[in-house]
Amino acid sequence: GRSWKTLTLEGIAIRAIMRQPIAPGVYWVGTEYKGLLTSHDGGYVFTPVPLGEDSLSIYALAGGAPGEPLVAGSYQRGLFIADADELAWRHLEGSEQFGTVFTIAMLESGQRMYFGTHENGVWRTIDGGANWEAFGLAGADVRKLFSTRIVKLP
């Protein structure tokens, strides 16, 4: 962190940034009003990801480890998801009920996910998004969730 360089996104409000764990050099950037952007060259050139809306804001990004989907949380539209290998993004049906998603915690290769929202508390799925349930803190803004992974050392 001794030196910093401005990337090619000057003048764009960035709300989330994530390096894809299984693809070095691939970055995902959630923006305010410019949707989701991706770079496949380490952050030199970013291109828009088609999510079906030009002025979409993306506030949260998660996943992309081996066997995990990529998930993006948006302003008032819920969640978007992509298989980490194919990178074909789609809206996750039923997720618009969350409204704005600020944070995502992913466990068990994406089968168990928790979502912190604006004024709708925490929601979760234990089956990769087929079913949803409110998990608590109804009425609260939940801006950070943390997932823990157990790592076995040799």
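When a residue number appears, it is its place in the shown sequence, counting from 1.
- Taking all atoms of both residues into account, the shortest heavy-atom contact from Leu137 to Val122 is CD1-CG2, 4.1 Å.
- Relative to the six-membered ring of Phe135, Arg124 misses at least one condition, a distance below 6.0 Å or an angle of at most 45° to the axis.
- Sparse packing is recorded around OH of Tyr75, with 12 or fewer heavy atoms of other residues, nucleotides or ligands lying under 6.0 Å away.
- With rounding to the nearest 0.5 Å, the separation of CD1 in Ile81 from CG in Leu70 is 8.5 Å.
- Asp41 pairs by the side-chain contact (heavy atoms from CB on, under 4.5 Å) definition with Ser39, Tyr44, Val45, not counting sequence neighbours.
- The closest donor-acceptor contact from the side chain of Thr38 to the backbone of Pro48 lies at 3.5 Å or more, if one exists at all.
- Of the possible polar contacts, none joining the His118 side chain to the Arg143 backbone as a donor-acceptor pair under 3.5 Å is found.
- When all heavy atoms of Val142 and Phe102 are compared, the pair lying nearest together is O-CB, 3.6 Å.
- The shortest side-chain heavy-atom distance between Asn131 and Ile126 does not fall under the 4.5 Å cut-off.
- The closest side-chain heavy-atom distance from Val26 to Arg19 is not below 4.5 Å.
- Met113 places a side-chain heavy atom less than 4.5 Å from the side chain of Val71.
- The ring pair (Phe, Tyr, Trp, His ring centres under 6.0 Å) check on Trp89 picks up Trp28, with sequence neighbours excluded.
- Among pairs with a residue in residues 94-107, none fulfils side chain to side chain donor-acceptor pair (under 3.5 Å), at least two apart in sequence or across chains.
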